[in-house]
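The structure under discussion appears below in the form of structure tokens.
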2 protein chains.
Amino acid sequence: MEKPVTWRNMSDNDKPTPQDQRSKAMQARIIRASITCLDRLGYAETTFARIQAKAGVSRGAITHHFPTRQALVAATAMELLAKALGPVERRAANADQPEPVRALITRAWGQVVNSAGGRAMVEILVACRTDKELYHLLEQRLHDWDAQSRASINRAYRGSGADPDDAELLWSMTRNFLRGLVLHDKFVSDPAYLARMVDRFAGLIETQLIPLPAKDMP
Amino acid sequence: MEKPVTWRNMSDNDKPTPQDQRSKAMQARIIRASITCLDRLGYAETTFARIQAKAGVSRGAITHHFPTRQALVAATAMELLAKALGPVERRAANADQPEPVRALITRAWGQVVNSAGGRAMVEILVACRTDKELYHLLEQRLHDWDAQSRASINRAYRGSGADPDDAELLWSMTRNFLRGLVLHDKFVSDPAYLARMVDRFAGLIETQLIPLPAKDMP
DNA sequence: CTTTACAGACCGTTCGTTCTGTTTTTAAGC
DNA sequence: GCTTAAAAACAGAACGAACGGTCTGTAAAG
């Protein structure tokens, strides 16, 4: 009752005990079901009962690891954020310079935003707008993630705009644009139109966001 | 009990009867409260009880005009969509040619998307993703509105891209970008960053979307 | 023997919807 | 115009379902 330690302190380099492994596996299982529910049912319908059924675990298992619904969704968001940094930190195949901007944007769309996890993240962000308790749990992490994402871009690209932080500005715009596409889907009857929007947008950003040669990277 | 005729047939040019006026006023009052609730509480917390309290009307009044929650939100969406076409169809002050693109985008952001109605619309679009009943009520209207919005842009601007429908593609991208900003707010600590994103984006679109002289308009 | 990991019953609240009344407007017969 | 019956516009009680959170009990790990 004292404190529901959702994440054990792993700073000391203990080997993970069997109990830790079991806990981590259970949490991962619950979070995976949470992502599916958020994507397919939305935040409001992502209830304990739904996740319980989808994950095939008991009610007690969920409430033990995540005392409130907001805590569960927050944990889900952190999991998604951790995975979402992949494309930004990826280097081009020849590693001599960063990935071309068009390829970067295309992959960010196809593999991150336009996936079950990406759509789940949109649900969480929308919920953050009105659920103060959820936002309180996530605010710091979202800001940290944003800073990390911008720093990664600054390391590998430069912007052609006036401001010195133009590269991260352009990348913030790109993330924002791709996220919006999840909702624009409802306006168009032809899904291919979204791909055209991505392509046209990538063409615009491509002229502004220039890959830095590897030797110029800090 | 037969059919809850929410909208009376006004195709014939009768003068609106007192009862119609009263109905319309009540519906507007409920919808106004619905917009406020959607903006401040989100779709999930926009309940009959909340709207009832905010609008100061009885439960029966709401259920009489809107038999289900989805019907109420759908009516709210139609109201918002009707208002949202304003900036697109507006002409420049001198009327010799359409409004400059930068001014158009700035106004679309400040007066449409980044307003209580704009944020409410984002909530509705997100809800459409997972609420099939709501989406069924709105799908056709959303597609029609999309076509109307694109047609308005095509009438007053031309795109500099390869495709003949480049203008409407660029405008779809702009709408999508501005909508996403409502959520990007949660990532940044400084709200002014959103304004910078709008400005940078407007600068990009400005080079691609060219106002047509009035004489060239159909 | 204590603590953690789970299991599942339980509870007060709130939800959307349905329903039965009451008042106001409309339409019809005269 | 006046009377009157039907219909529409509300008002508000009632209901079952489902929600999040809590609480007690059991097995496994430390």
Side-chain angles (χ1 to χ4, degrees), chain A residues 1-10 14-30 33-34 37 41-53 55-74 127 131-134 137, chain B residues 1-10 12 14-30 33-34 37 41-53 55-75 127 131-134 137:
Chain A
M1 173 54 74
E2 276 303 299
K3 43 175 180 172
V5 186
T6 304
W7 282 280
R8 179 182 295 270
N9 182 6
M10 291 292 281
D14 301 334
K15 55 187 179 302
T17 73
Q19 200 168 118
D20 281 334
Q21 289 180 350
R22 198 153 65 106
S23 278
K24 216 65 176 110
M26 175 63 86
Q27 289 173 21
R29 199 169 163 188
I30 294 169
S34 168
C37 285
L41 305 171
Y43 178 69
E45 300 287 327
T46 298
T47 66
F48 284 132
R50 245 62 104 98
I51 295 175
Q52 177 182 350
V57 301
S58 75
R59 180 66 155 277
I62 302 179
T63 57
H64 173 67
H65 292 285
F66 310 101
T68 67
R69 196 166 78 108
Q70 284 86 352
L72 167 56
V73 174
D131 189 326
K132 299 196 82 172
E133 193 178 331
L134 175 62
L137 291 174
Chain B
M1 172 52 75
E2 278 301 299
K3 43 175 180 172
V5 186
T6 305
W7 283 277
R8 181 182 292 270
N9 182 7
M10 291 291 282
D12 41 6
D14 300 334
K15 54 187 179 301
T17 73
Q19 199 168 120
D20 282 333
Q21 289 180 350
R22 196 154 66 108
S23 278
K24 217 62 175 115
M26 174 63 85
Q27 288 173 20
R29 201 171 162 186
I30 294 170
S34 168
C37 286
L41 307 171
Y43 178 69
E45 299 289 325
T46 298
T47 66
F48 282 131
R50 248 56 108 97
I51 294 174
Q52 174 182 352
V57 302
S58 76
R59 184 65 151 272
I62 301 180
T63 57
H64 174 68
H65 291 287
F66 309 102
T68 68
R69 195 166 79 107
Q70 285 86 353
L72 167 56
V73 174
D131 189 327
K132 299 197 81 171
E133 192 178 334
L134 174 62
L137 290 174

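Only heavy atoms go into these numbers, but all of them, side chains included; no hydrogens, no water, no symmetry mates. The sequence lines fix the lettering, A, B, ..., with proteins before strands; numbering per chain opens at 1.
Partners of A:Arg50 by side chain to side chain donor-acceptor pair (under 3.5 Å), not counting sequence neighbours, listed by chain and number: A:Glu45. Evaluation of the side chain to side chain contact (heavy atoms under 4.5 Å, CB included) rule for B:Arg29 yields B:Val57 as partners, not counting sequence neighbours. B:Thr46 meets the side chain to side chain donor-acceptor pair (under 3.5 Å) test with no other residue; sequence neighbours excluded. Remark: B:Ser23 pairs with B:Gln27, B:His65 by the side chain to side chain contact (heavy atoms under 4.5 Å, CB included) rule, at least two apart or across chains. Partners of B:Gln52 by side chain to side chain contact (heavy atoms under 4.5 Å, CB included), not counting sequence neighbours, listed by chain and number: B:Arg59, B:Ile62.
Separating the CG atom of B:Asp20 from the C1' atom of C:dT25 is a distance of 11 Å, rounded to the nearest angstrom. Atom P of nucleotide C:dA5 and atom CD1 of A:Ile30 are separated by 12 Å, given to the nearest angstrom. Counting to the nearest Å, the C1' atom of D:dG21 and the CG atom of A:Leu72 are 14 Å from each other. The nearest whole Å value for the distance from the CZ atom in A:Arg22 to the C1' atom in D:dA27 is 9 Å. Counting to the nearest Å, the P atom of C:dC15 and the CD atom of B:Gln70 are 15 Å from each other. Between B:Gln21 atom CD and C:dT24 atom P there is a gap of 18 Å when expressed in whole angstrom units.
With contacts defined as side-chain heavy-atom distances shorter than 4.5 Å, the pair B:Val73/B:Phe66 does not qualify.
For C:dC6, the OP1/OP2 oxygens have a side-chain nitrogen or oxygen of A:His65 closer than 4.0 Å. At least one side-chain nitrogen or oxygen of B:His64 sits closer than 4.0 Å to the OP1 or OP2 atom of D:dA9.
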One character per nucleotide, please: for nucleotides 11-19 of chain D, 5' to 3', B when the base has a protein heavy atom closer than 4.0 Å, S when only the sugar-phosphate does, - otherwise. BB------S
